[in-house]
Amino acid sequence: MAANQIPTEQWAQVIEKTGGPVHYKKIPVAKPGPDEVLVNIKYSGVCHTDLHAMNGDWPLPTKIPLVGGHEGAGVVVARGELVKDVQIGDHVGIKWLNGSCLSCSFCMQSDESLCPSPLLSGYTVDGSFQQYAIGKAAHVARIPKECSLEAVSPILCAGLTVYKALKESGVRPGQEVAIVGAGGGLGSLAIQYAKAMGLHPIAIDGGEEKGKMCKALGASDYIDFTTSKNLVQDVKAATPDGFGPHAVLLLAVSEGPFQQASEYVRSRGTIVCVGLPAGAFLKAPVFDTVVRMITIKGSYVGNRQDTAEAIDFFRRGLIKAPYKVVGLSQLQEVFDLMKANKIAGRYVVDTSK
């Protein structure tokens, strides 16, 4: 797309005050800075973080007004004069980490997600719920052109996040991992990444529909917390020796599962916290944690190498994100379904509608 073909205005979903709702309106198209690219966003996944950002749930202030979104897949249409390794026409992704300083001790060791001065898409800078978005060239995800942009968009946050969490868990091929919140957008991908990595995923969620989806995606067992009489015993019973899973991925959006995981994780097992319920706290008995040598840790988003690896699993056909496409104009309806916990899999918005 030539510079004179880039429009000056675009459609976007804008949060004008904390608590929402989003407003579908026309806003100006930004110009990329020297180290940035302008991406014509074709599709964007919708993440629970986007709802947290709109509601102001976290102890980190958002930009207001704000264009949310951080799973944007599209085509580079302009670039700054310092950008050499991203070409016009390349397929790229706008992910949660829009940019980092690249010079602090964290960035120097490939922990750029821990940078003390990050740019966060759809939170501290405008994100992908618009037709044209800005991204730092060093941080945009490189997407192979054979990948469908609508199908790959959930990989840019949900896929990357759970792939990183599985790596952080230290679990090895042949071992069991419990995935709490397995029927959601992150969970549906975590099951597939776990299976592709040679693990045995035990899915935990509520409802028959989510159970069918989890089993179809490759879960070795499904524990329905709405019907289970003893969830702790049921999770342990799903492992061959009855000692519990080697790791637990907590993708839940409520506090309860974060308090319960230490009861069923295997001795010397690892609990990885990923979901971010508003105002939630971790709780585990100190005695049990010590004598059973349980590790409890957090896992944030992956670095640039993790991103490339997560996308490569998708490129090889090992990951298929269950998703439904709706128009960008329908974003508020997606948020309403999310609030009511009525989403199985992921919603993707088409910015042309």
Side-chain angles (χ1 to χ4, degrees), residues 1-12 27-45 63 66-150 152-153 155-157 159-160 301-312 314-315 351-352:
M1 185 181 286
N4 59 4
Q5 293 178 300
I6 299 170
T8 56
E9 279 195 323
Q10 59 169 331
W11 286 101
I27 64 169
V29 173
K31 288 187 168 61
D35 61 344
E36 296 173 337
V37 292
L38 179 66
V39 183
N40 178 201
I41 301 292
K42 301 297 187 183
Y43 298 94
S44 181
K63 171 186 178 293
L66 173 70
V67 176
H70 56 273
E71 291 183 347
V75 182
V76 176
V77 294
R79 64 179 189 170
E81 63 268 24
L82 298 179
V83 179
K84 306 298 181 194
D85 61 332
V86 180
Q87 307 301 319
I88 305 298
D90 281 359
H91 290 190
V92 301
I94 297 286
K95 50 192 177 59
W96 173 246
L97 191 64
N98 191 287
S100 69
C101 75
L102 299 178
S103 59
C104 69
S105 58
F106 295 110
C107 287
M108 295 282 279
Q109 297 180 75
S110 301
D111 271 332
E112 52 260 32
S113 62
L114 303 180
C115 177
S117 52
L119 302 175
L120 305 176
S121 300
Y123 205 95
T124 62
V125 297
D126 287 336
S128 55
F129 293 148
Q130 56 184 334
Q131 293 174 312
Y132 292 87
I134 296 286
K136 294 290 185 185
H139 281 282
V140 291
R142 275 57 165 180
I143 299 173
K145 287 193 175 175
E146 67 261 37
C147 295
S148 158
L149 290 177
E150 68 176 62
V152 79
S153 62
I155 304 299
L156 299 173
C157 173
L160 171 59
V301 291
N303 61 25
R304 288 169 289 171
Q305 180 60 31
D306 296 321
T307 303
E309 292 170 8
I311 290 173
D312 193 57
F314 175 86
R315 182 192 63 78
T351 65
S352 69

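Here the structure is a predicted model, which means the values were calculated and not measured.
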How close do [X] and [Y] get, counting heavy atoms only, and between which atoms?
| X | Y | value |
| --- | --- | --- |
| Ile143 | Gly93 | CD1-N, 3.7 Å |
| Phe106 | Pro116 | CD1-CD, 4.3 Å |
| Leu156 | Gly72 | CD1-O, 3.3 Å |
| Thr351 | Ser128 | CG2-O, 4.5 Å |
| Cys157 | Glu71 | CB-OE2, 3.1 Å |
| Ala310 | Ile155 | O-CG2, 3.9 Å |

Rounded at 0.5 Å granularity, tell me how far CD in Gln131 sits from OG in Ser44. 12.5 Å
Look up atom CG in Leu160 and atom CZ in Phe314, then write down how far apart they are to the nearest 0.5 Å. 14.0 Å
Results of side chain to side chain donor-acceptor pair (under 3.5 Å) for [X] - residues two or more places apart only:
| X | answer |
| --- | --- |
| Ser100 | His139 |
| Asp306 | Lys164, Lys167 |
| Ser148 | none |
| Lys136 | Asp35, Glu36 |

Could you give all pairs that pass the salt bridge (charged side-chain N to carboxylate O under 4.0 Å, His left out) test and reach [range], with sequence neighbours left out?
| range | answer |
| --- | --- |
| residues 109-127 | Lys63-Asp126, Glu112-Arg304 |
| residues 75-87 | Asp85-Arg142 |
| residues 86-105 | none |

Assess the residue pair Val125 and Ile134 against the criterion (side chain to side chain contact (heavy atoms under 4.5 Å, CB included)); give the C-alpha distance rounded to whole Å, side-chain angles, the decisive distance to 0.1 Å, and a yes or no. CA-CA 9 Å; Val125 297; Ile134 296 286; over 6 Å; no
Would you call Val37 and Pro32 a side-chain contact if the rule is heavy atoms closer than 4.5 Å? no
Contacts of Tyr123 meeting ring-ring contact (aromatic ring centres under 6.0 Å, His included) (sequence neighbours excluded), chain-then-number -> Trp58, Trp96
Given 3.5 Å as the limit, does a donor-acceptor pair link the side chain of Asn40 with the main chain of Val77, or not? no
Has Gln10 got a side-chain atom pairing as donor or acceptor with Tyr132's backbone, closer than 3.5 angstrom? yes
Sequence neighbours excluded, which residues qualify as side-chain contact (heavy atoms from CB on, under 4.5 Å) partners of [X]?
| X | answer |
| --- | --- |
| Pro118 | Leu97, Leu120 |
| Ala133 | Ile41, Ile94, Gln130 |
| Pro144 | Glu146, Cys147, Ile311, Arg315 |

After noting the C-alpha distance and the side-chain angles of Ile88 and Val76, does the key distance pass the side chain to side chain contact (heavy atoms under 4.5 Å, CB included) rule? CA-CA 5 Å; Ile88 305 298; Val76 176; 4.2 Å; yes
With sequence neighbours left out, write down each residue that passes salt bridge (charged side-chain N to carboxylate O under 4.0 Å, His left out) with Glu9, or none if nothing qualifies. none
